[in-house]
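As structure tokens, the structure follows; a few thoughts come after it.
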Amino acid sequence: MRGSELKQMGYPEGNTTTLALNLVGKACESGWDVDDVRDVLEKLVEEPGEYAEHEIFGELAEAIGERVLFRERDEPAPWKQWGSDLDPAAIGQLENACRLPVSVAGALMPDAHRGYGLPIGGVLATEGAVIPYAVGVDIACRMKMTVFDAPPSALEHDKEHLSKIIEDETRFGIGAYFDKPHDHEVMDRDWGVSPVTRRLKEKARYQLGSSGSGNHFAEWGVLTLADDALGVKKGQYLALLTHSGSRGVGASVANHYSKLAREWHPELPKELQHLAWLELDSELGQEYWAAMSLMGEYAAANHAVMHREIVEALGAEVVADVENHHNFAWKEEHDGREVVVHRKGATPAGKGVLGVIPGSMAEPGFVVRGKGEATSLESAAHGAGRVMSRRQAKREISWKDVQAELDASGVTLLSADLDEAPDVYKDIESVMSHQDDLVEIVARFDPKIVKMAPPGEPPED
DNA sequence: ATGTAC
């Protein structure tokens, strides 16, 4: 008997096949007929639970018992898209995600673009499984806004002070951390839930309250409420908006479990490997879920520390705040089924749920209230969405163009790189207009003082 | 998004 025959039956290549072949040899030595072996192997891969106590093949049943193996399904899981002119690569990625046997439904948001595994702006509901790369590398990347009992005129007459507060209280760039770590009760949680979080707990402590790189930012701006909302009267307010996530530790958790998931599902065709899942009732699945949940708390604490320090430095009263994850997985009920909803660059938009959808450094962002649209899996866009790669941006955009846009919007840029220029993003107003069935706009936020990671060092190789 | 390793 050969490995190729096992593969045809649906056995994953690698360790499982090696084990199976060893056991086949053992069976034949003890006098089994080859046809009987085949018969057992065919049934075992379908119903491993039935063979857990089998005298010879019990070990094999145990090895694959927790796995739902990839089988091409007759029909892809249903999905729907919002917005026009979506990146074909992003559409292809969502189509691929809907081929998985664990997928239940999908949705593609109007800011969608190509990601790793699931596209950014992709939403995927699965049953009994979680996909590390459908959560994303920056687990629990999120938004937080604090609204102050202060007029927006502070942005003019107190500009130097506000700028200094951001410079003093944030840390930007890959690997950024504080020399003297901040305190937060999240560090009292059980960081032993995963070998990764156990190993990196001290790194997490030093990065608490930091912003990182890429599209992360901290900005002061004007929040405009056309009506009373968020517990405050209509009008204009000074507000702080931050975008950050679970930093280096979250990235390590994501990459670690995605690699293990790929090894756990070696039967996946190449184009689906980055969508490798972990069954929720498997040991690895539970470990990832616990680590992901901790990263959710950590990312929330990250923003909480940042806002706590900035509020203290400013000394103004806080009248409202809004926050939400947009890279995470939740256990939710949809269509009467308990499913895992992955939102990778998608804002939760359940009925009445508040969230923040930022634009670019020179364009407005919005506080939104979800409408609970079932076919979007109660989700909305998480931003304007990129229209060009970082490399293309650095090639095609000049600082002169950026400065003109900043001047037109009255924005002071403390630091950023060209790959976050306003022109690398879709028009946010257009994105919002494509999702008016998903969210209603509660307030508008216009950035005025913006801080992002400064240009990085060129790669050394 | 992250940051130094199959």
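Chain identifiers are assigned alphabetically (A, B, ...) following the order of the sequence lines, protein sequences preceding nucleic acid strands; residue numbering begins at 1 within each chain. Values in this document were obtained by computation on a predicted structure and should not be read as measured data.
Rounded to a whole Å, the CD1 atom of A:Ile120 is 8 Å from the P atom of B:dA1. If you take CZ of A:Arg171 and P of B:dA1, they are 21 Å apart, rounded to a whole angstrom. Rounded to a whole Å, the CZ atom of A:Phe172 is 12 Å from the P atom of B:dA1. The interatomic distance linking A:Asn327 (CG) with B:dT2 (C1') rounds to 13 Å, in whole Å. Taking atom NZ on A:Lys344 and atom P on B:dA1, their separation rounds to 11 Å, with Å as the unit. Between the P atom of B:dA5 and the CZ atom of A:Arg199 lies a distance of 10 Å, rounded to the nearest Å. Here B:dT4 presents its P atom at 11 Å from OH of A:Tyr177, a figure rounded to the nearest Å. The CD1 atom of A:Ile139 sits 12 Å away from the C1' atom of B:dT2 (whole-angstrom rounding).
Annotation: salt bridge (Lys or Arg N to Asp or Glu O under 4.0 Å) contacts of A:Arg99 (sequence neighbours excluded): A:Glu72, A:Glu271.
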Item to check | Residues A:Tyr298, A:Trp191; criterion ring pair (Phe, Tyr, Trp, His ring centres under 6.0 Å); working and verdict | outcome: CA-CA 11 Å; A:Tyr298 176 70; A:Trp191 284 69; 5.7 Å; yes

Item to check | Stepwise side chain to side chain contact (heavy atoms under 4.5 Å, CB included) test for A:Leu124 and A:Ser103 | outcome: CA-CA 7 Å; A:Leu124 187 70; A:Ser103 293; 3.8 Å; yes

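Sorted by residue number, the members of residues 250-275 of chain A with any non-hydrogen atom under 4.0 Å from DNA chain B read A:Ala251.
Sorted by first and then second residue, the salt bridge (charged side-chain N to carboxylate O under 4.0 Å, His left out) pairs involving residues 248-265 of chain A (not counting sequence neighbours) are A:Lys259-A:Glu263.
Across all strands shown, A:Asn215 has heavy atoms under 4.0 Å from sugar-phosphate atoms exclusively, and none from any base.
A donor-acceptor pair under 3.5 Å is absent between the side-chain atoms of A:His184 and the main chain of A:Leu208, judged by distance alone.
At B:dT2, one or more side-chain N or O atoms of A:Arg247 fall inside 4.0 Å of OP1 or OP2 (strictly under the cut-off). For B:dA1, neither phosphate oxygen OP1 nor OP2 lies less than 4.0 angstrom from any side-chain nitrogen or oxygen of A:Ser213.
Taking a cutoff of 4.0 Å between a charged side-chain nitrogen and a carboxylate oxygen, A:Arg343 and A:Glu332 qualify as a salt bridge. Of the charged side-chain nitrogens involved, none lies within less than 4.0 Å of a carboxylate oxygen, so that A:Lys448 and A:Asp446 do not count as a salt-bridged pair.
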